[in-house]
Amino acid sequence: GFASNLALDALSDRLAGTTERAITAVVERRGPAVARAAERLQAAHPGWSPSEISRHAIAKVALSSRIAPERMRPAAAIGGA
């Protein structure tokens with residue numbers, strides 16, 4: 001009923017806040033390293049488009065973690081940056 005809907009809303013708000021704080025912490029801690037890695041890839045492959053660089057980086061991670069590259073998609077393909 002009404003009380004359970006309020007409880008679900010409160011839980012949802014708490015989880016959203018927790019998720020937002022976690023994302024912020026990761027971006028603050030890992031953001032500079034990610035930017036440096038992207039700059040190195042761009043310097044190593046000056047004629048490549050951003051999507052080519054993304055595919056290369058994803059394939060590299062996939063190989064190192066043994067995930068099939070075709071199962072990974074660039075963030076832009078799933079609505080990210």
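Reckoned from all heavy atoms, side chains included, excluding hydrogens, waters and symmetry mates. Sequential numbering from 1 along the given sequence is applied to the chain's residues. Note that this is a predicted model, so its numbers are computed, not measured.
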Atom pairs and distances, donor-acceptor, side-chain atoms in residues 3-12, under 3.5 Å, two or more places apart:
unit_1 : atom_1 : unit_2 : atom_2 : d
S4     : OG     : G1     : N      : 3.1
S4     : OG     : G1     : O      : 2.9

Ring pair (Phe, Tyr, Trp, His ring centres under 6.0 Å) pairs, two or more places apart, involving residues 2-36: none
For R40, side-chain contact (heavy atoms from CB on, under 4.5 Å) partners two or more places apart: R36, A37
Check: T24/R21 side-chain N/O donor and acceptor closer than 3.5 Å: no
Hydrophobic cluster of I53, others only, ordered by chain and residue number, side-chain cut-off 4.5 Å: L41, W48
Set of residues satisfying side-chain hydrogen bond (donor to acceptor under 3.5 Å, both in side chains) with respect to R29, sequence neighbours excluded: none
Which residues share a side-chain hydrogen bond (donor to acceptor under 3.5 Å, both in side chains) with E52, sequence neighbours left out: S49
Atom pair OG1/CD of T18 and E20 - distance to nearest 0.5 Å: 10.0 Å
